[in-house]
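Quick notes on the structure that follows.
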Amino acid sequence: MTAQTTTASGAAFAGVLQRQGAAVVLVLGIAAAWFAFPHFGSADNLRNLVLQGSFLAVIALGMTFVIISGGIDLSVGSNYALGGVLAAYGAQYGLVVAILLPLAVCSLIGFVNGLLIARTGMAPFIVTLASLLFARGLLLALTAEGATTYKVDPGSAFLWLGQGTIFGIGVPVYLTLVLFALGGLLLRRTRFGQSVFAIGGAEQSAVLMGLPVARTKISLYTLSGALAGVAGILTAAYLQSGVTVIGVGTELDAISVVVIGGTLLTGGAGTIIGTLVGVLLRTLIQNVINQIGTLDSNYQTVVSGAFLLVVVVIQRLLARSRTR
Amino acid sequence: REETPAAPSNGGGPAASAQSAAPSADGCTLEKTGYPKVDLKTAVVGFSQSEKEANPFRITETQSIRDEAAKLGIASDKLLVTNAQSDLNRQISDIKSMLDRGAQLLVVAPLNSDGLQPALDAAKAKKVPVVTIDRKVTSQPCTDYLTFIGSNFVEQGQRAAQAMAKATGGTGKVAILLGSSGNNVTTDRTKGFKDELAKTPGLTVVAEQTGEFDRSKGQSVMEQLIQSHPDITAVYAENDEMGVGAVNALKTAGKSPGKDVKIVSIDGTRNAVQLIVDGSYNAVIESNPRFGPLAFQTLQKFENGEPIPASIVISDDQYDESNAAQKVGNSYK
Amino acid sequence: MTATTEVLTAPVLEVAGVTKRFPGTLALDDVSFTLAPGEVHALVGENGAGKSTLIKVLTGVYQPDEGELRHLGEPVTFKRPIDAQRAGISTIYQEVNLVPLMSIAGNVFLGREPRTKAGLVDWGRMYADARELLKGYGIDDDVKRPLHTLGVGAQQMVALARAVSTDAKVVIMDEPTSSLEPREVETLFEVLNRLHSEGIAIVYVSHRMDELYRVCDSVTVLRDGRVVHSGPLKPLPRIELVSLMLGREIRQIREEGVTAFGEEHDVEREPLLKAENLAGMRKLHDVSVSIRPGEVVGLAGLLGSGRSETARAIVGAFPLDGGSVLLAGKPLKRGRIKAAMRAGIALLAEDRKTDGIIPNLSVRENIVLAALPSLSPFGLVSKAKQDRIVKIFMERLRIKAASPEQKVSELSGGNQQKVLLARWLATGPKILLLDEPTRGIDVGAKAEVQALIDELAQEGLGVLLISSELEELIDGSDRVVVLRDGSVAGELTGDRITEENVLTAIAAESTGGDNDVHRHP
Amino acid sequence: MSTATLERAKVTAWLQNYGVYLAVVVLLLFNVAFTENFLSAANFRTQLVQAAPVCIVALGMALVIGTEGIDLSVGSVMAIAAALIPLYLGAGPLTAIVVAVIAGVVSGLFSGYLVAYLGIQPIIATLALLVGGRGLALVIAHGQLVQLHNHDFLQLGTGDVLGVPIMVIVAGVLAVLAGLVVQRTTFGRHLVAIGGNRPASTLAGLPVKRVLVSVYVISGALAAIAGVLATSRLGASDPSDVGLLMELSAITAVVVGGTPLTGGRVRVLGTVFGALLMQLVQATLIKHNLPDSTAQMVQAAIIVVAVYVARERSSR
Ligand SMILES: Nc1ncnc2c1ncn2[C@@H]1O[C@H](COP(=O)(O)OP(=O)(O)OP(=O)(O)O)[C@@H](O)[C@H]1O
Ligand SMILES: Nc1ncnc2c1ncn2[C@@H]1O[C@H](COP(=O)(O)OP(=O)(O)OP(=O)(O)O)[C@@H](O)[C@H]1O
Ligand SMILES: [Mg+2]
Ligand SMILES: [Mg+2]
């Protein structure tokens with residue numbers, strides 16, 4: 001009996017490691033950085049770290065839902081940039097427009113993604129690749145081929161969303177946490193969330209079990225679009241302007257943090273909290289690279305690539321040892 | 001993709017540190033800002049680079065900062081260097097992180113003219129002067145940042161148009177190879193060029209397509225344009241790389257660049273200037289990336305209490321048939 | 001079950017003159033079918049007769065090309081499965097259709113999770129309800145575990161529990177027993193009884209005659225997409241039913257017992273394959289099996305006793321911690337499926353959907369897949385050689401397909417099974433491991449497959465037969481090895497192979513907790 | 001009525017199979033009618049030469065996608081190949097090319113190993129190389145573009161044989177080879193089987209891991225070849241820009257060409273035409289001098305329409 005319990009707890013431990021592999025790496029990484037770099041643990045640095053991560057986190061939240069459903073959304077980067085431009089543009093007409101305009105447009109793009117994917121059976125990869133182009137094209141059209149940058153009036157209340165702080169910590173961080181909490185609730189505690197898992201796990205079965213597959217997919221991509229829009233709004237408020245050059249390649253960042261967080265790209269399994277950990281890990285790595293300071297910028301990308309690989313390989317090996 | 005098409009841009013001035021600081025009566029002084037005085041020799045200096053050092057401009061720029069710091073005797077652990085890998089949020093975070101690590105003076109090569117406000121605010125809060133190089137930010141000089149050192153992109157475009165008028169003799173059909181969309185450098189160089197070109201009625205723009213500051217894209221686009229507009233007699237490329245790409249395309253199509261089709265571009269890289277010498281190129285408006293000496297000089301003056309003008313615009317050099325052979329050594333690679 | 005009393009109410013479900021075409025196939029041809037309230041209605045026919053297609057028309061998966069669907073007398077169109085479910089029609093499809101990565105409880109309540117007042121999913125209640133519900137189906141595993149950790153049979157029970165617990169007025173079951181154990185079948189019948197007494201109408205598809213006569217009131221026979229008979233079942237002699245299904249004269253159908261196995265084989269030689277002390281992954285503890293050339297060895301056991309794992313372990317598809325497999329005295333390298341295959345061992349896996357067919361590929365390509373290297377000199381595919389093989393096996397196994405180029409996923413379940421059997425026979429194996437080879441195969445074809453097994457054994461092949469149908473196992477095997485909880489619990493030879501003996505060996509000492517093997521700590 | 005639905009099914013099936021070819025023809029006709037100076041040998045030559053690298057990469061991508069995988073690393077592999085060329089050009093063009101292709105093979109081995117033996121999902125395994133690979137190329141090249149002067153090497157990109165550009169010949173030969181591999185070899189049939197159902201293929205005794213690794217190796221090698229050709233055409237090794245976003249172009253070509261991302265099917269000719277279609281679209285947009293914004297939106301629309309027509313019901 002005792003022998004059994006030990007193996008049982010051993011297996012459970014391996015299970016925790018696998019599911020929380022990224023979290024373990026994160027904790028170890030933070031600890032190491034804390035000791036190695038004198039400035040790492042400073043309040044300013046930590047504040048900076050979480051604030052920087054919050055924009056990507058919001059995008060990755062939507063991506064998590066999409067990936068759990070077995071899909072992928074490549075349009076988030078462009079959509080994010082578009083959201084930022086629209087928010088800055090809308091800020092001329094007041095706070096409400098600054099928030100609702102980008103939300104509406106980005107959600108609409110997500111909605112169309114979802115519609116095409118759910119109703120025509122086209123592959124998400126290619127549909128969202130097309131809307132990546134579309135959203136970027138729209139952004140350029142709105143800004144005279146990128147020549148116009150809309151500025152937010154420095155006195156605008158809108159700026160608080162990006163630049164305000166509560167207890168010294170940036171407003172975007174709080175908003176991100178709130179969104180993640182809601183996201184967790186949505187994924188774990190609603191029928192919608194259960195449908196998402198079911199669609200990702202076995203779409204055909206989900207159809208036969210009478211789940212509203214098409215509707216769920218459409219909602220998912222709309223959600224992802226909307227969250228990219230939210231990230232755009234926060235960024236516009238943070239940067240005080242609708243910067244046209246952001247968001248290039250952000251979709252790949254979002255996908256990698258979601259995967260680092262332990263969500264299966266094949267769908268059917270994943271966690272919101274894992275994504276948060278993934279975002280923090282990525283930010284941590286960038287911060288550490290800065291702290292080291294001597295790394296040639298070309299080496300930095302080699303290191304990021306290698307790091308991504310190491311985390312994924314470790315996770316994979318842990319997962320294997322668990323099923324053994 | 002984190003490799004945004006490199007935008008070897010701007011900045012400028014003839015080689016080394018020659019400058020023509022626009023003199024200004026009441027510049028920004030240490031007193032005015034109320035910043036503490038620091039000694040450049042012992043201070044912690046931060047340099048935030050915007051993009052990977054993967055093109056001549058960025059390589060030379062970063063190297064120039066490092067070299068000058070070494071020359072001034074700044075210890076290597078006192079010079080903090082970060083690279084934002086073309087990610088604006090990351091550049092803000094980089095700057096904040098350097099401030100956090102005790103940077104007392106900052107040199108920033110902004111990724112974009114807009115959007116660095118949070119980083120500048122952080123520097124202001126810590127009373128750290130910021131010199132922006134190569135690209136101007138749209139914030140308030142002296143309050144948000146100390147000064148901008150670099151060239152005027154609009155003016156570069158204008159001068160390219162003048163060079164074009166000279167090379168073509170004032171008549172011709174012009175194709176423009178634009179830089180990356182959404183980039184301020186592209187916007188300014190296009191605006192300057194077109195406005196100035198309007199003064200020469202004989203020159204008309206027949207096509208403008210983006211070559212994304214990239215040689216191979218420039219080449220591909222040019223190949224297409226040669227087919228659809230065989231009457232093109234001049235090409236304005238918004239950086240040298242695209243210009244060189246256009247030369248390749250023209251050669252492959254059996255035309256002789258520099259003669260049948262005139263080529264003018266901006267940057268001043270060795271490859272382009274050498275092509276002028278070889279006779280396949282017509283003019284290059286220079287953008288000099290060697291900001292190191294000037295940046296540190298400016299900071300030194302500021303700490304000395306001297307007034308610093310809001311922007312230090314460098315009079316760009318220019319290469320054409322008349323001087324390329326002598327000056328090719330000034331170009332950078 | 002007693003025949004329903006004449007009720008004057010409208011039929012719960014009715015199709016009139018339904019036609020359904022697929023490219024190259026007329027799957028349903030002017031089919032009419034009526035389901036009276038409270039009756040258990042058998043739907044029978046050969047493989048590919050159109051049973052599953054009819055069911056999918058009833059449940060909104062397919063739209064009929066012609067004809068009408070009526071629910072309680074009212075014409076309806078079910079655009080999607082959910083429409084049918086809303087109308088109180090609940091279905092268990094032929095292939096298990098659940099979400100493997102999701103918890104057992106999650107699967108049972110998917111789409112109708114119990115909610116708290118705040119509208120959030122109430123996990124506590126859901127787990128409790130699921131536990132309670134599943135007890136009635138013989139599943140007392142931890143309902144929080146992912147579904148895929150259950151065996152196929154148990155998954156089928158979960159699907160059943162799900163279907164029945166939806167307050168359905170009609171329950172449709174497409175071959176529910178094909179992956180069930182005798183004991184589970186009993187559980188299923190208990191459930192059926194209960195539903196019946198509650199006045200719920202049931203459509204029941206099965207190829208097992210005994211079951212049909214046990215549970216069904218009426219029958220509709222489909223042949224080649226057409227209804228050839230419809231009426232009460234009990235008055236219809238079994239032989240006549242078979243004759244209706246196959247479309248052959250009664251005379252032609254020899255009624256020689258339920259299976260087509262012949263006499264015992266010559267089994268005196270040395271074992272060709274010896275698997276010794278196999279152990280691994282808490283599923284197998286100590287299993288030793290040997291197979292002689294020309295011998296059919298039956299593997300008996302309860303669900304989860306490790307039969308499939310034993311077969312998989314022999315070919316190297318199941319990770320082992322201990323034990324060895326010897327072929328003709330030479331040890332096989334562990335975990336190398338290809339090596340085992342090259343040595344002449346073939347495994348027909350249990351789950352044809354996930355482990356068998358390559359859905360995108362044609363029937364031809366599926367058949368030649370495993371034999372491809374031997375048919376392809378220098379790695380270049382020879383179509384002529386393929387065609388010969390394909391022709392032989394399509395004829396021999398009577399595979400019903402529009403052409404060899406038809407996608408295998410478009411075949412009926414039973415025909416897919418035959419394609420897989422053909423795949424393995426085409427490799428010319430010395431040892432054939434058959435995990436539920438006749439699952440989902442119709443009576444006619446089943447007899448053929450059984451005769452084939454017999455014939456192969458005569459030719460000197462060693463066969464390991466795993467079957468949930470005891471009759472098949474008992475009639476077909478020269479020797480039966482009984483597994484319990486991943487260990488050999490007994491071995492029966494010759495006359496000792498009787499249903500009673502096998503059941504005794506299976507059940508001995510399994511006083512409760514025999515599902516423990518399912519449980520991962 | 002039902003005959004009508006059958007007719008429609010036939011039309012759909014026809015479009016599914018021949019949609020790309022039709023689209024290419026339509027676009028050609030459009031250009032002949034509305035684009036100045038379109039009908040000239042030089043113009044067709046330009047289009048074919050420009051399409052060649054994408055086409056070559058897309059062939060490898062199609063094989064990878066056939067196994068239900070994806071290879072995001074192709075652009076970076078091109079960059080690595082480009083970075084290596086100037087280092088070995090001194091030893092002759094052949095050596096340089098061989099070294100570059102070996103680098104592609106090694107990258108492929110690396111991704112293939114991660115996918116086949118460690119079971120890491122293709123998109124993420126190759127994403128790591130996409131991120132790190134270009135960095136590596138830049139490290140090799142010290143971030144510098146290097147002008148090349150070796151005449152023989154430059155011939156690859158600019159020369160021709162019997163009036164056909166060498167690049168086009170290479171792409172054509174590779175396409176024919178790819179077609180033969182897929183249709184006529186056991187390797188090709190194994191590949192689609194693995195993409196169709198991997199566990200079943202494993203149980204059928206197919207050399208699953210070996211096939212997977214080989215597929216990534218082929219993709220890597222083809223990407224390297226494309227990198228060599230692009231470098232030669234440019235007359236310079238430009239690791240920072242060569243092959244940028246190539247993964248997306250190649251995937252688009254493959255999918256537009258009718259190969260589903262769900263694996264189990266490879267359409268080689270479709271892929272070639274997919275690459276041609278995207279090339280023609282771009283050419284048309286440039287020749288009509290549309291601004292970047294419009295060009296991107298039009299491309300998006302064309303991709304959606306082309307894939308809609310060629311789609312098979314699939315979930316991803
Ligand atoms: N999606 C499809 N596309 C093309 N043909 C199909 C499709 N589904 C079924 N068919 C064909 O329709 C016919 C009837 O198939 P169905 O699955 O209904 O048979 P079944 O009676 O359920 O057989 P089994 O007992 O083997 O399950 C078969 O010939 C089959 O090949
Ligand atoms: N780790 C595993 N990997 C792959 N397949 C597994 C694994 N564990 C169980 N299975 C599969 O689950 C199915 C059912 O296993 P179970 O424990 O019920 O064995 P069984 O005695 O063969 O029972 P039955 O075949 O009657 O369902 C088998 O097909 C088995 O191969
Ligand atoms: Mg069926
Ligand atoms: Mg089994």
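Both backbone and side-chain heavy atoms feed into the values below; hydrogens, waters and symmetry mates do not. Order of the sequence lines sets the chain letters (A, B, ...), proteins ahead of strands, with each chain counted from 1.
Of the candidates Val256(D), Val74(D), Asp71(D), Ile70(D), Ile70(D) is the only one forming a side chain to side chain contact (heavy atoms under 4.5 Å, CB included) with Ile251(D). Considering Val273(B), Ile285(B), Asp240(B) in turn, Asp240(B) is the only one that fulfils the side chain to side chain contact (heavy atoms under 4.5 Å, CB included) rule with Asp267(B). Considering Leu80(B), Asn83(B), Thr62(B), Thr82(B) in turn, Thr62(B) is the only one that fulfils the side chain to side chain contact (heavy atoms under 4.5 Å, CB included) rule with Phe47(B).
Ranked by non-hydrogen atom pairs under 4.5 Å with chain B, the options Thr35(D), Thr46(D), Leu285(D) are led by Thr46(D). Between chain D and the options Arg215(B), Glu53(B), Lys217(B), His229(B), the largest number of non-hydrogen pairs under 4.5 Å is found for Arg215(B). For the set Gly235(D), Ser40(D), Ala42(D), the count of heavy-atom pairs under 4.5 angstrom toward chain B peaks at Ala42(D). The residue among Asn248(B), Thr252(B), Val244(B), Leu178(B) with the most heavy atom pairs within less than 4.5 Å of chain D is Asn248(B). Options Leu290(D), Asn289(D), Asn37(D) differ in how many heavy-atom pairs under 4.5 Å they form with chain B, and the most are formed by Asn289(D). With respect to chain D, the highest number of heavy-atom pairs below 4.5 Å among Asn271(B), Ile226(B), Thr269(B) belongs to Asn271(B).
Between the side chain of Lys287(D) and the main chain of Phe38(D), no donor-acceptor pair closer than 3.5 Å is present.
Going from atom CD1 of Ile286(D) over to atom OG of Ser220(B) covers 7.5 Å, rounded to the nearest 0.5 Å. A distance of 11.5 Å separates CZ of Arg290(B) from CD of Gln63(B), quoted to the nearest 0.5 Å.
Only the side chain of Gln47(D) comes within less than 4.5 Å of a heavy atom in chain B; its backbone stays farther off. For a residue to count as touching a neighbouring chain, one of its non-hydrogen atoms must lie under 4.5 Å from one of that chain's; by this rule Asp238(D) touches chain B with the side chain only. Within the 4.5 angstrom heavy-atom criterion, no atom of Arg45(D) approaches chain B. Residue Ser216(B) touches chain D through both its backbone and its side chain, counting heavy-atom pairs closer than 4.5 Å.
Ring orientation note: the planes of Tyr236(B) and Phe193(B) are close to parallel, at an angle under 30° on the 30°/60° scale.
Inspection of the Arg134(D) and Ser76(D) side chains reveals no N or O donor paired with an N or O acceptor under 3.5 Å. A donor-acceptor contact closer than 3.5 angstrom is absent between the side chains of Ser48(B) and Asp94(B). A donor-acceptor pair shorter than 3.5 Å can be found between the side chains of Ser113(B) and Asn184(B).
At a heavy-atom cut-off of under 4.5 Å, chain B is reached by His142(D), Gly143(D), Gln144(D), Leu145(D), Gln147(D) from residues 140-162 of chain D, listed in order of number.
A salt bridge links Arg58(B) with Asp134(B): the closest approach of a Lys/Arg side-chain nitrogen to an acidic carboxylate oxygen falls below 4.0 angstrom.
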